[in-house]
**Q** 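Mind having a look at this structure? Questions to follow.
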Amino acid sequence: MKKAPSASAIDHDIYAPVLEVLEKTRDNVYLTGRAGTGKTTLLKAFVARNIDTTAVLAPTGIAAVNAGGQTIHSFFRLPPRLIEPKDVKRIRYARALRAIKTLVIDEVSMIRSDVMAAIDRSLRINRDIDAPFGGVQMVLVGDPYQLPPVIERGLEGYLEETHGGSYFFSPRAFREGGFQLIELTKVFRQSDPVFLDILAGVRRGEMDPEQIEILSDQVSSMDPVTASQTHVVLTGTNNAAFDINHRRLEALPGNAQAYEARISGEFDARLFPTEAPLCLKAGARVMMLKNDPDKRWVNGTLATVLSTSPKELKVEIEGAAHVVEPASWERIRYGFDEEKATLKKETVGAFKQFPVRLAWALTIHKSQGQTLDKVYVDLRRGLFAHGQAYVALSRCRTLEGLMLSRPLSPRDLNIDRRALALGRLCDVQEREGCRMAVLDS
């Protein structure tokens with residue numbers, strides 16, 4: 001069983017030009033790239049090198065926990081609804097905003113135009129600098145082919161009239177920000193050119209007949225529960241994944257061991273990275289949810305539970321037995337360090353649990369960022385969100401390891417083409433591993 005690529009497995013020399021842009025030119029950057037190109041690895045490397053001057057934000061609590069940052073709404077004190085200019089005010093810890101040199105926003109494709117406009121306005125007000133984003137270097141990270149913003153019915157017309165559109169790149173501040181597009185092009189997850197071409201077609205929502213025929217050869221009549229014996233089942237709903245996992249768990253002999261989580265401070269149940277309590281038995285298939293400090297596994301490695309006891313969990317990975325220690329996930333909040341006069345991070349909540357999740361089945365959303373050897377995509381209920389087909393198929397390392405419950409249909413290739421209209425690109429520079437351009441305002 002192979003492991004997903006880790007930071008150490010990726011050639012950082014390829015990304016030296018990107019880090020140079022981020023650290024030396026201090027240009028505003030929109031960092032994108034298809035699944036498996038190392039966006040997260042590059043982001044973490046940059047933040048680690050600039051930790052005292054960089055804040056990391058994300059549009060949702062789960063994304064913020066995964067990125068090691070704070071949600072946009074809590075950081076800027078924004079209401080959980082349509083944001084108007086009157087909602088953006090001076091905030092109590094404005095000095096923290098003035099201490100920021102770089103603001104990283106992960107999963108930026110999920111951000112609506114009103115939120116992006118509010119970020120610009122808040123930074124201008126609280127930093128007392130009337131320039132795009134208050135003069136802060138903005139690093140926006142995400143793939144517009146994957147996660148779209150949630151736009152309530154009737155809101156689109158208002159956003160079009162007030163911000164020029166619904167997406168993060170629509171507001172005037174983005175157009176005036178002189179953003180450089182950096183698209184990572186070297187895919188680490190897959191190497192087969194045929195499979196890469198198919199994934200590119202699914203990503204664009206434009207597959208040719210030959211690609212459709214090749215993908216149709218991967219269709220299986222096997223039902224998801226049976227398929228879960230050999231493959232990880234990816235499905236569109238939490239209920240479907242929960243049902244498969246717990247049917248498989250109940251079928252194993254013996255009683256389940258329940259591991260309670262230790263929760264402190266502010267940590268909403270919707271943000272839990274795994275179940276609390278977590279019920280496991282010997283023989284259960286699980287996914288590791290944290291990189292191991294001793295490099296025995298990475299986030300996304302599949303394992304089999306060897307034994308359970310009230311205070312111990314032992315798993316098998318590639319024939320080797322390992323004792324798993326509980327791990328912590330933290331919710332953080334940014335503030336200002338009076339003594340050092342710098343940005344500071346404080347932990348406001350924590351979730352401690354064994355870093356595993358039942359993995360006979362996963363939701364497509366929770367599989368994001370994972371690399372899997374064998375994947376069964378459950379299409380019985382259809383794919384209801386923009387980019388879900390691409391996210392699901394691109395989790396798999398090889399075409400041979402992929403199974404589909406039925407052929408893809410045009411409605412499965414649900415691509416919102418407005419989200420891809422980032423403007424005309426000019427001054428394109430092709431480099432090894434990345435493609436750079438300036439976004440035309």
**Q** With sequence neighbours left out, what residues match Thr162 under side chain to side chain donor-acceptor pair (under 3.5 Å)?
**A** none

**Q** Identify, with sequence neighbours excluded, every residue that meets side chain to side chain contact (heavy atoms under 4.5 Å, CB included) alongside Pro171.
**A** Ser113, Met116, Ala117

**Q** Show me the pairs that pass salt bridge (charged side-chain N to carboxylate O under 4.0 Å, His left out) and involve residues 327-341, at least two apart or across chains.
**A** Arg95-Glu338, Glu266-Arg333

**Q** Taking the six-membered ring of Trp297, is the NZ or CZ of Lys290 close enough (under 6.0 Å from the centre) and on axis enough (within 45°)?
**A** no

**Q** Please list, chain by chain and in numerical order, all residues satisfying side chain to side chain contact (heavy atoms under 4.5 Å, CB included) with Asp294, sequence neighbours excluded.
**A** Asp292, Arg296

**Q** Quick one: side chain to side chain donor-acceptor pair (under 3.5 Å) partners of Asn28, sequence neighbours excluded?
**A** none

**Q** Considering residues at least two apart in sequence or located in another chain, which fulfil the ring pair (Phe, Tyr, Trp, His ring centres under 6.0 Å) criterion with Tyr158?
**A** none

**Q** Applying side chain to side chain donor-acceptor pair (under 3.5 Å), can you list everything that pairs with Gln70, at least two apart in sequence or on another chain?
**A** Ser74

**Q** Only pairs at least two apart or in different chains count here, so list each salt bridge (charged side-chain N to carboxylate O under 4.0 Å, His left out) that has a residue in residues 65-83.
**A** Arg81-Asp87

**Q** Go through the structure and list residues passing ring pair (Phe, Tyr, Trp, His ring centres under 6.0 Å) with Tyr259, not counting sequence neighbours.
**A** Phe354

**Q** Do any pairs count as a salt bridge (charged side-chain N to carboxylate O under 4.0 Å, His left out) and have a residue in residues 159-170, sequence neighbours left out, and if so which ones?
**A** none

**Q** Name each donor-acceptor pair under 3.5 Å that joins a side chain in residues 46-57 to protein atoms two or more places apart or in another chain, with its distance.
**A**
{"residue": "Arg49", "atom": "NE", "partner": "Glu23", "partner atom": "OE2", "Å": "3.0"}
{"residue": "Arg49", "atom": "NH2", "partner": "Glu23", "partner atom": "OE1", "Å": "2.6"}
{"residue": "Arg49", "atom": "NH2", "partner": "Glu23", "partner atom": "OE2", "Å": "3.4"}
{"residue": "Asn50", "atom": "ND2", "partner": "Glu23", "partner atom": "OE2", "Å": "3.1"}
{"residue": "Asn50", "atom": "ND2", "partner": "Phe46", "partner atom": "O", "Å": "2.8"}
{"residue": "Thr53", "atom": "OG1", "partner": "Asn50", "partner atom": "O", "Å": "3.4"}
{"residue": "Thr54", "atom": "OG1", "partner": "Asn50", "partner atom": "O", "Å": "2.9"}

**Q** Mind checking what makes side chain to side chain contact (heavy atoms under 4.5 Å, CB included) contact with Asp114, not counting sequence neighbours?
**A** Leu82, Ile83, Arg112, Leu159, His163

